[in-house]
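Computed from a predicted model, the values in this text were never measured in an experiment. Both ligands and their constituent atoms are indexed starting at 1 by order of listing. All residue numbers refer to positions in the sequence shown, counting from 1.
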Amino acid sequence: MKSCEVAIVGSGFTGSLLARILAVQGYDVVLLERGTHPRFAIGESSTPLANLSLERIGIRYGLPDCYRLATHGRWLEHFPELRRGLKRGFTYYRHHPDQPFANRGLDSERLLVAASPHDSLSDSHWVRADIDHHFVREAIAAGVDYRDRVNLTTAEISPDSVRLSGRRNDTPFELRANFLIDASGPGGFLARQLSIPSGLDATETRAALVFSHFDGVKLMKDAVPGLLEGPYPDDWAAVHHIIDEGWMYSLRFDDDVTSAGFLLTPRGIASLGSIDGASLWRKLLARYPTLAAVFADATSLMPIAFLPAIQHRLTRAAGERWALMPHAYAFVDPLFSTGIAWGLRAVERLALAFESASHGRPIPDQDVLTRYETALSAEADQIDLVVAGAYEGMAHFDLFAAQAMLYFAAVSFAEANQRLMPKDSVAWNGFLGVGDPALGQLPREALGRLRQITQRRGEAGTADERRRFAEWITRGIAPRNIAGLADPSRKNLYPVDFDALIEQHALLGMTRAEVLEGLPALRGMGAEPALTRDSARQGGLPVQHAELLGRDRL
Ligand SMILES: Cc1cc2nc3c(=O)[nH]c(=O)nc-3n(C[C@H](O)[C@H](O)[C@H](O)COP(=O)(O)OP(=O)(O)OC[C@H]3O[C@@H](n4cnc5c(N)ncnc54)[C@H](O)[C@@H]3O)c2cc1C
């Protein structure tokens with residue numbers, strides 16, 4: 001029987017990237033995929049925190065492509081053949097049934113939050129067929145033993161090893177490993193094998209999905225003439241159209257293909273009375289004239305698909321000799337694009353866990369795995385609370401915009417913190433404010449407050465209730481608001497605001513001079529670091545075992 005040190009099931013970007021990092025560290029890794037590459041995958045819009053993870057991975061392990069794929073400018077320069085889309089920020093519009101989007105200038109139901117100061121530094125939407133294939137090729141080049149078309153049927157985990165078996169090309173397939181990582185996403189390989197109970201009951205968010213890729217989608221700026229200029233061109237962003245039934249994402253790639261999908265609440269789907277993708281799509285466009293105009297000439301490049309429920313959640317994320325990547329453990333919703341960043345954070349955490357293990361024991365010890373599981377559990381809850389609150393807030397755009405500030409405060413603070421005070425152990429910092437004394441509890445309380453206003457029936461509340469909620473959010477995020485968020489004078493149009501950052505230096509625990517010194521890095525004016533295997537050890541700061549166990553926490 002073939003044996004290896006680490007077996008990874010699933011070759012999405014998290015599986016193949018982790019496989020490659022472990023191979024670079026000297027581990028003998030087998031990566032198993034049930035399908036083949038290139039293949040379509042959903043989950044395309046990256047964020048600054050995702051890119052920070054990619055940069056850290058690139059520097060620490062000497063993987064230049066990871067660093068270069070972390071900004072749109074570097075991606076274009078080094079990998080023009082890998083398809084992607086320019087993502088300058090997060091754009092939101094509120095549409096109402098049977099009415100065109102109301103362009104009321106600065107009073108429009110429109111929110112734009114820039115994520116980058118200019119195009120070259122910006123995030124990208126990933127064409128997953130290309131980028132996942134790229135990471136698999138790089139994993140193979142780094143020495144990973146990659147097997148596709150593997151149909152695994154059993155996993156047995158005993159105190160001294162893991163045994164996998166199944167079939168490959170109709171031939172029996174068996175593998176013995178010291179450690180197993182499940183990166184099979186919603187494929188849920190280990191969940192089935194270990195009969196891990198579902199934890200979905202505790203998840204607040206529920207949504208169905210109707211989606212495809214399209215050609216010929218118009219720009220919002222062409223469908224809504226006279227839109228006021230925002231901090232970046234509206235359409236070169238993760239565009240969110242909020243509707244009564246839920247919301248639609250629209251992600252434009254540079255070759256003008258657009259990935260779009262409706263997320264529909266249980267109430268929303270019930271009001272539509274269909275369960276087939278194409279007819280749901282038609283009915284929704286027929287209700288919203290501006291969306292109908294945007295998609296009037298669009299053709300779907302594959303059948304419009306319907307998934308009645310996209311949330312999943314397990315009660316375990318790790319155990320002796322095994323760990324799940326986040327997408328295998330839990331998924332909430334694409335609202336706020338948390339998946340790629342969270343997945344990459346987990347790649348970093350597990351890579352560090354193996355790195356420290358490789359100096360002593362060959363696999364991560366139970367303490368580190370327990371920390372990993374605890375982190376993922378708290379973070380899945382937090383993502384759910386932020387998203388569930390945003391769904392409640394969709395009852396009125398003011399509530400939604402206020403709730404969104406919670407997300408933007410948490411991520412912009414984390415981003416500035418990581419950029420200005422880089423250290424590799426930040427991979428263990430809680431995602432979305434988990435463990436942060438100022439932000440940690442806000443999402444739960446926000447959801448409670450929103451539900452009081454909406455009565456869980458989508459009621460918009462009074463103007464006074466909405467104002468009080470927005471003021472409460474403003475006070476709540478104040479200790480972490482380094483980005484000038486929740487400022488009524490901005491009229492929901494937020495550029496990247498370095499002045500606010502400098503002004504709020506104390507919130508980061510830094511002097512004004514220290515922030516000023518770090519600004520060139522934030523503006524993308526720093527030189528590319530050395531990115532070779534030899535330089536990797538110097539580039540990455542050593543992470544001590546105590547840090548992996550969380551004993552260095554702030
Ligand atoms: C509708 C939707 C929209 C999303 N949008 C965003 C977004 O805009 N931004 C964002 O950050 N995140 C988004 N996400 C989340 C994102 O998709 C995930 O975070 C990401 O795909 C995780 O990557 P992964 O490599 O862990 O898993 P996956 O991409 O799910 O890859 C899993 C791999 O495992 C393979 N596999 C499955 N079962 C088996 C098996 N039994 N044996 C072998 N191989 C197997 C599959 O073929 C696949 O190649 C979205 C998710 C959904 C559902």
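Some N or O of H327 is nearer than 3.5 Å to an N or O of ligand 1, by distance alone. The N/O atoms of S46, backbone and side chain alike, include none that comes under 3.5 Å of an N/O atom in ligand 1. Ligand 1 has no N or O atom lying under 3.5 Å from any N or O atom of G185, backbone or side chain. Considering backbone and side-chain N/O of F13, one or more are found under 3.5 Å from N/O of ligand 1. In terms of polar-atom proximity, defined here as any N/O pair under 3.5 Å, R128 does make such a contact with ligand 1. Looking at D132 next to ligand 1, no N or O pair under 3.5 Å apart turns up.
Geometrically, R167 does not engage F173 in a cation-pi contact defined by less than 6.0 Å to the ring centre and at most 45° from the axis.
No side-chain donor from either of Y249 and E44 sits under 3.5 Å from a side-chain acceptor of the other. A donor-acceptor pair shorter than 3.5 Å can be found between the side chains of S165 and T154. Between the side chains of H72 and S122, not a single donor N or O lies within less than 3.5 Å of an accepting N or O.
Close to ligand 1: P186, with a non-hydrogen atom less than 4.0 angstrom away.
Counting heavy atoms only, E33 comes closest to atom 35 (C) of ligand 1 of the residues R39, E33, Q311, R192.
Shown in contact with G339 at under 4.0 Å from a heavy atom are these atoms of ligand 1, numbered in order with element: 10 (C), 11 (O), 12 (N), 15 (C), 19 (O). Taking every heavy atom of G10 and a limit of under 4.0 angstrom, the matching atoms of ligand 1 come to 33 (C), 34 (O), 35 (C), 44 (N). Residue contact check: E44 has heavy atoms under 4.0 Å from atoms 6 (C), 7 (C), 8 (O) of ligand 1. The atoms of ligand 1 that sit less than 4.0 Å from any heavy atom of F331 are 14 (N), 15 (C), 50 (C), 51 (C), 52 (C), 53 (C).
Note that CH2 of W428 is 8.0 Å distant from CG of L352, once rounded to the nearest 0.5 Å. Here the CZ atom belonging to F295 is positioned 11.0 Å from the CG atom belonging to L284, to the nearest 0.5 angstrom.
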Kindly determine whether S279 and D276 satisfy side chain to side chain donor-acceptor pair (under 3.5 Å), including the steps that lead there.
CA-CA 6 Å; S279 67; D276 114 81; 2.6 Å; yes
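The nearest protein atom to atom 1 (C) of ligand 1, hydrogens excluded, is given as L209 CD2, 3.3 Å; this is a heavy-atom distance.
With a 4.0 Å heavy-atom cut-off, ligand 1 is reached by no atom of I310. The proximity of A41 to ligand 1, defined as any non-hydrogen pair under 4.0 Å, does not occur for either the backbone or the side chain. At a 4.0 Å heavy-atom cut-off, ligand 1 touches L32 through the backbone alone. With a heavy-atom cut-off of 4.0 Å, A183 touches ligand 1 through its backbone alone.
Using a 4.5 Å heavy-atom threshold, the side chains of L63 and I21 count as touching. Within the 4.5 Å cutoff, no side-chain heavy atoms of W75 are placed close to those of R68.
Only one option out of S46, S124, S116, S45 pairs with K87 in a side-chain hydrogen bond (donor to acceptor under 3.5 Å, both in side chains); it is S45.
Electrostatic pairing of R84 and D254 counts as a salt bridge here, judged by a charged N lying under 4.0 Å from a carboxylate O.
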